[in-house]
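A short worksheet on the structure shown next.
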Amino acid sequence: MTTIQGQGVCGGVAFGKLKLLRKSSGKIQRHHIEDAEKEWERFQNARETASRQLNDLYEKACNEVGEENAMIFDIHRMMLEDLDYLGSIRTYIQEQKINAESAVSMTAETFSEMFASMDNSYMQARAADVKDISDRIIAILSKNEVDGFTLNEPAIIGAEDLAPSETVQLDKSKILAFITEKGSAASHTSILARTMNIPAVIGAEGIMDDTFADTDIIVDGFTGHIYIDPDMQTVLEMQAKKQQTERQNELLAKLKGIKPVTKDGQKILLYANIGSLEDMPAVYANDAMGVGLFRSEFIFLESKTYPTEDEQFSIYKSALQKAMGKRVIIRTLDIGADKQVDYFSMPKEENPAMGVRAIRICLTRPAIFKTQLRALYRASIFGHLAIMFPMITSLSEVQQVKELCEEVKAELREEQIPFRENTELGIMIETPASAIISDKLAKEVDFFSIGTNDLTQYTLAIDRQNPDTTPFCDLHHLAILRLIHTVVENAHKAGIWTGICGELAGDLSLTELFLAMGVDELSVSPRLILPLKQKVLSCDVSEIKDNLLQKLK
Ligand code: PEP
Ligand code: MG
């Protein structure tokens, strides 16, 4: 037995075979594939993405350097339709059963050699072009390699690191646990694991050793231990731990139907954070009173291109219908930082967490934002929708957002499309700036939700993606707790409610303090709802409230 110690970021014990997910190293690895049709489809998807990229490049170049110079991108786009080129790739995939990257690379070599040997100088120049388009497709295929990583049976995934866009593309029903060599507890991949309730360990150095592939392992997401080829004693201990967790969950399940009210009668709303429609069953299974944060950007991360208004509408409508009248707070697109989406073609940034992310993208690309707003307003008649905007730092951003909402509403009125006029609008308080001016912001919106993940990152100057900063990250830092208190006070003065939807909301050691502050709602991953309810039921805050708040002085 080999033991690896990492950091547990989602509790739970999992038994299973380890599957190693390797990403492209830049070199094209040729490997055998089972399903040629599926591989051809993967190639076709990459080809379509390449075609769209070239179209965008053509239009951009037309504006910047004129049509004549832009022509090359149009030629490249047409080459992607060349039947001989496509036929060669298809033959390699179907007859030799090799992966699409190798088929493209071998085709590129044959075709460029053929062009280079021609007498005509125009045709000779095409040799470079065929290499160019092939490199583009290979790059797209390699980036989406996770797409091609299919699990035939449930397994434990080991990876060097996983980006949120890669994680959302994996078949969740087949993942027993995640293990990564890198990663940080506050990253969206860790958050996703917690939302999906999949045991997860990060910082597990050595897990990518080839000799561990396909071995039986046990993951303890509570302690961060990984047991490779475990001995009998460890198997028995871990089975006992798993059963104990299941028994605890059965006890917690008895709290379903009971309202979360403290012993002294203080009420609080317990909502769930979700990333997709697939998480909705966990919302009822854990008795959440609503959805406090639907991270809509995961719809964009799962998609190969911009989701259309109708596609988004049907997802939002379905979420609202499934919630059966409970409030669903859908956060508008929060792309950027660690949540990168290829088809947004965002310029590379030195410091993306402080770059053009979330509301900044929405305000600079209003067409994308308005599509989402239209879909949301159209869905609003199917349940209790609240719309929330991320990464707000100023009053003017809120005003611009509200103007865009009014524009969308006017369009819908004009088109006689029904929507709920009084759909609640809220903002995330996740920057120190918004917390400090929360008195002013509170007059503009219906509610606040405090995003402690980013609030911590920006207040303590801690990059949430960088595990080396963990020793400097005090999640209970006085600055954060004071900011939360200020926000709650300012919200209440203006007569609006405020919740917390960052990971701190589920920190049971802070529940009493949050109740003392008067936080109206806590939104946590579904698996934490019942433990949090148990905690709330055990609290008696009125007597100790002053003492608790005194600690913030
Ligand atoms: C937060 O920042 O606390 C938050 C809830 O948003 P996200 O984690 O998606 O950035
Ligand atoms: Mg955030």
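Atoms within each ligand, like the ligands themselves, are counted from 1 in listed order. Treat the numbers as computed from the prediction; the structure is a model and nothing was measured. Computation of the quantities below employed the complete heavy-atom set of this structure, encompassing side-chain atoms and omitting hydrogens, waters and symmetry-equivalent molecules.
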Under 4.0 Å from any heavy atom of [X], which atoms of ligand 1 are there?
X    : answer
I191 : 8 (O)
R464 : 2 (O), 7 (P), 8 (O), 10 (O)
D454 : 1 (C), 2 (O), 3 (O), 10 (O)
K339 : 9 (O)

K242 side-chain N/O to G12 backbone N/O, donor-acceptor pair under 3.5 Å: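 No, K242 side chain to G12 backbone: no donor-acceptor pair under 3.5 Å.
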With H225, which residues qualify under ring-ring contact (aromatic ring centres under 6.0 Å, His included), at least two apart?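 With neighbours one apart ignored, the set is Y227.
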I'd like to know if the side chain of [X] pairs up with that of [Y] as donor and acceptor (distance under 3.5 Å, no hydrogens or angles considered).
X    : Y    : value
T469 : N466 : no
R420 : Y377 : no
Q372 : Y316 : yes
T393 : E397 : yes

Classify the ring geometry of Y306 against Y343: parallel below 30°, tilted from 30° to 60°, perpendicular beyond 60°. perpendicular
Run down the list R295, H188, E430 and name the one with the heavy atom closest to atom 5 (C) of ligand 1.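 Minimum heavy-atom distance to atom 5 (C) of ligand 1 goes to R295.
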Nearest neighbour of atom 4 (C) of ligand 1 from the list L455, D334, N453, on a heavy-atom basis: N453
Under 2.8 Å from the Mg ion (ligand 2), the protein N, O or S atoms found are E430 OE1, D454 OD2
Run the salt-bridge test on D334 and R295 with the 4.0 Å N-O cut-off and return the result as yes or no. no
So, for A353 and Q457, which heavy atoms are closest and what is the spacing to 0.1 Å? CB-NE2, 3.8 Å
Minimum heavy-atom distance K326-A288, with the two atoms named: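 Closest pair (atom of K326, atom of A288, distance): NZ-O, 3.1 Å.
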Could you state the interatomic distance from CE (M354) to CE (M391), rounded to the nearest 0.5 Å? 9.0 Å
Nearest 0.5 Å please: distance from the SG atom of C362 over to the NZ atom of K370. 13.0 Å
Where on [X] is there a heavy atom closer than 4.0 Å to ligand 1, on the side chain, on the backbone, on both, or on neither?
X    : answer
N273 : neither
L293 : side chain
M388 : neither

At what distance is the nearest protein heavy atom to atom 6 (O) of ligand 1, and which residue and atom is it?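 Nearest neighbour among protein heavy atoms for atom 6 (O) of ligand 1, to 0.1 Å: R331 NH1, 2.9 Å.
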Ligand 1 contacted by E503 (non-hydrogen, < 4.0 Å): no
With a 4.0 Å cut-off on heavy atoms, is M391 touching ligand 1?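 Outside the 4.0 Å threshold, so no.
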